[in-house]
4 protein chains.
Amino acid sequence: MSFRPLDAPAVNHDTILHSLIADNLVSDPDSARGRLLREAARLFRDKGYERTTVRDLAAAVGIQSGSLFHHFRTKEEILKAVMVETIRLNTAVMQAAMEAADTNREKLRALISAELESINGQTGEAMAVLVFEWRSLSEPSQAEVLKLRDIYESLWLEVLTALKEEGALVADPFVVRRMLTGALSWTVTWYRPERGGLSQEGLTDQVMAMLGLSKADSR
Amino acid sequence: MSFRPLDAPAVNHDTILHSLIADNLVSDPDSARGRLLREAARLFRDKGYERTTVRDLAAAVGIQSGSLFHHFRTKEEILKAVMVETIRLNTAVMQAAMEAADTNREKLRALISAELESINGQTGEAMAVLVFEWRSLSEPSQAEVLKLRDIYESLWLEVLTALKEEGALVADPFVVRRMLTGALSWTVTWYRPERGGLSQEGLTDQVMAMLGLSKADSR
Amino acid sequence: MSFRPLDAPAVNHDTILHSLIADNLVSDPDSARGRLLREAARLFRDKGYERTTVRDLAAAVGIQSGSLFHHFRTKEEILKAVMVETIRLNTAVMQAAMEAADTNREKLRALISAELESINGQTGEAMAVLVFEWRSLSEPSQAEVLKLRDIYESLWLEVLTALKEEGALVADPFVVRRMLTGALSWTVTWYRPERGGLSQEGLTDQVMAMLGLSKADSR
Amino acid sequence: MSFRPLDAPAVNHDTILHSLIADNLVSDPDSARGRLLREAARLFRDKGYERTTVRDLAAAVGIQSGSLFHHFRTKEEILKAVMVETIRLNTAVMQAAMEAADTNREKLRALISAELESINGQTGEAMAVLVFEWRSLSEPSQAEVLKLRDIYESLWLEVLTALKEEGALVADPFVVRRMLTGALSWTVTWYRPERGGLSQEGLTDQVMAMLGLSKADSR
DNA sequence: GATGAATGAGTATTCATTCAT
DNA sequence: CATGAATGAATACTCATTCAT
């Protein structure tokens, strides 16, 4: 049982971010590099990686296209950085969210909620890039990013496997995780929390319910 | 109640296909145009639309790049044709599958099964293109294709709404359809029926179960 | 003793050229490719390989820069082709000149005369490129061209070694060949036969004399 | 007749160098400028002027590329300085070598020996630059450097003309000098005195012999 | 219909040079 | 003097599209 106020976030997003910046694992959003990565994520999501030119990227941060290459050696390196930093940040956020939860059911709820937040919140553009621009990454870069994804995915499998062992989950943890990946990342194409309607917590509840894991669900 | 043999498909895929070919709604797979669209779907899925050159497309069907333009006015028209014909075929197939089913629950099962088949079977490459290359389509073409998707989607909503009215479904039909869209299309990235393991029917069962709609489920 | 008229060339340059063209070893000078290589040789000699742009090359043959790449995959391939075809042609010409001569002394004279002709005649620009743009060739291409040069050089060493064995030559054949290479290729920077003065045959005589191998020389 | 020890150099290379440094005609090799010019000569010879970047140059002397421009206004000025200082130094060395010799035959021998030393010794890299990077120099700079070369060349022509008048040389002094220029500068591509074999003095002897000017040669 | 050479606008990347700190 | 981020013009190369044959 924790003593934090009920409606404060279980984990401080900013604290995590600053700790990652200090360790040079993600760029400071206020630095030239950080601003570029944010604009790149937006452009890559909106137009696609191939249709975004380095001139577009440069214009978005107000520099000349040649100057980009002081920060990144190639255009692809920008794509990779968007993906790597996004995974690093979201892995850290999820880990903290999970650790703050007491039961496995609550841990899973924290993961779902955090993933919905990562997809539909600040890092949403970058998450969409991660899903839709994967093939634009060279194979060596794909391998690098996959290693980071493995860490991220192991958080999910750990919790789902525990729930399976508890008997709370009937289906195969791997299959469930994959269905969730698809269902949750697809929300980026339709879910608009800012338009009112379903809140993010409400959506999380619906997903838990679909899995037969809502609080009231005695199944 | 139908009198077809138990292991024959409820609807004859080939019959539907030939009827669509006769109406000039999809290309004969043995024609030059049909072969090109099949190869285009494969290449667009494997390399992405932008990274596939018209030379690649021409080489895949054994002609010169200039000759492509006797069949299609632009490269984008090829992408559009892949999408349009795929939706037309799958809409027809699903409509038939749905009509062959008696109850709403069976209709939904037929839709899920048919969508899994379209994603992981013969039209899988084209379905992946539909999901991942959407932004490569010009806005006017997107509008055209969207009209066709609306027909396709209305099939789903019709059944889900009926189930909701029956009380068999608790969640919002729109939300459920969208979650299903994500979960099912994502199977293209991981599900390999040919490797043994989970069969397509088994997967369909799991999805029905997740929705609390399996036969034995009295909920 | 041969029966050809005294002032006809011992070997027919055009016959050799056409035979090489027929074997696809050098390009027809009237073809698009042949014209490009001739202009490339001129530009590379005048401005250097690096300072010659593909736009310069294209302009010189009256096409757009993009069209160059229908004939050659890279700019470097053009440089290589200039070198390879030049060596092939000159090797064939020298072999014929040598074979038409009776004594070793006459063979050497034929080689010197032919090399002066190749440096100061039609292929002069390409020969200058061979000397001065060597480092602009990638290492793999250098290796390819070196193999061809070895054939060319072996013609010289064969004759010089025979002269050494005859006692007509005192110095080391390798050293003599290298001094000759330098002295003869340097003529490209100063020798202008068209301005009158020393004729090419006169220059050949002077070189033979320097080697103590003039006809009258009983040494 | 001179009184210096038999195996001491006829002229003191260091004395000449220091006198030129004092007059600000060449840079002190230990100064920042001198070190840069030495590295530039090496890089220009190895990679060519165009393919050597100012970053390469800066890195070779351990500074940042922007700092180069405190020493030289442009990259081309570096190339010019390499050439100018090399000619100045070698002209002074040859003049001294020539003046230390008594007969014209000995003077010529001294020139050949000194040029071989300049090509294959300490200034070899810069001499190669002088030959192979000539066209990278702008025309105004070429004119400046040509004036210095004229002084250098006049030393040779003076001696060769005297030998011609003595009857010791049959061929045209201009032709002989040009053949020698080619033959001697080409040694940079093949002659490796450090590998044993032919010594520099031995090579000088061979060249004198080729000209029919060896001591024993009574011709 | 098919060809394949040509187009020309577009792309990522390079690099000498500048200049505020 | 030194730095290093920024510039901006230039570069080789790509590729969908055209069209005479």
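Chain naming here is simple, since letters A, B, ... match the order of the sequence lines and numbering starts at 1 in each.
Contacts of residues 56-64 of chain A with DNA chain F (heavy atom under 4.0 Å): A:I63, A:Q64. The stretch residues 38-46 of chain C has no heavy atom under 4.0 Å from DNA chain E, so no residue of it qualifies as close.
Closest approach of A:G48 to A:E133, counting heavy atoms only: CA-OE2, 3.3 Å. Nearest approach of C:V129 to C:A41, heavy atoms of both residues: CG2-O, 3.5 Å. What you find for A:L37 and A:S27 is that their closest heavy atoms are CD1-OG, 3.8 Å. Of all heavy-atom pairs spanning A:V54 and A:L68, the tightest one is O-CD1, 3.4 Å.
Listed by first and then second residue, the salt bridge (Lys or Arg N to Asp or Glu O under 4.0 Å) pairs involving residues 20-38 of chain B are B:R33-B:E85 (not counting sequence neighbours).
B:R149 and B:E144 are not joined by a salt bridge, as no carboxylate oxygen comes within less than 4.0 angstrom of a charged side-chain nitrogen. In summary, B:R42 and B:E125 do not engage in a salt bridge, as defined by a charged side-chain N under 4.0 Å from a carboxylate O.
Here the P atom of nucleotide E:dG4 and the CZ atom of C:R33 are 17 Å apart, to the nearest Å. Here the C1' atom of nucleotide F:dA2 and the CZ atom of D:F72 are 16 Å apart, to the nearest Å. If you measure from atom CZ of C:R51 to atom P of F:dA10, you get 16 Å, rounded to the nearest angstrom. As a whole-Å value, the separation of A:E77 CD from E:dA12 P is 15 Å. Here the P atom of nucleotide E:dC15 and the CD1 atom of D:I78 are 15 Å apart, to the nearest Å. We find that CG of B:L68 is positioned 13 Å from C1' of E:dG4, with the value rounded to whole Å.
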Apply salt bridge (charged side-chain N to carboxylate O under 4.0 Å, His left out) to residues B:R135 and B:E50 and explain how you reach the verdict. CA-CA 11 Å; B:R135 284 165 320 173; B:E50 304 284 349; over 6 Å; no

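The environment of B:E77 atom CD is dense: over 12 non-hydrogen atoms of other residues, nucleotides or ligands sit within 6.0 angstrom. More than 12 heavy atoms of other residues, nucleotides or ligands sit less than 6.0 Å from atom CZ of B:R51.
Here the side chains of C:L43 and C:Y49 are not in contact, with every heavy-atom distance at 4.5 Å or above. Within the 4.5 Å cutoff, the side chain of A:D56 has no heavy atoms near those of the A:F44 side chain.
Taking a pair as Watson-Crick or G-U with both hydrogen-bonding distances under 3.5 Å, the stems of three or more pairs touching DNA chain F are E:2-21 with F:2-21.
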Walk along nucleotides 16-21 of chain F from 5' to 3' and tag each nucleotide B, S or - by protein heavy-atom contact under 4.0 Å, base first, then sugar-phosphate. BBB---

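When the side-chain nitrogen and oxygen atoms of B:H71 are compared with OP1 and OP2 of E:dA2, one or more of them lie within a distance under 4.0 Å.
Residues passing the ring-ring contact (aromatic ring centres under 6.0 Å, His included) test with D:F132, sequence neighbours excluded: C:F132.
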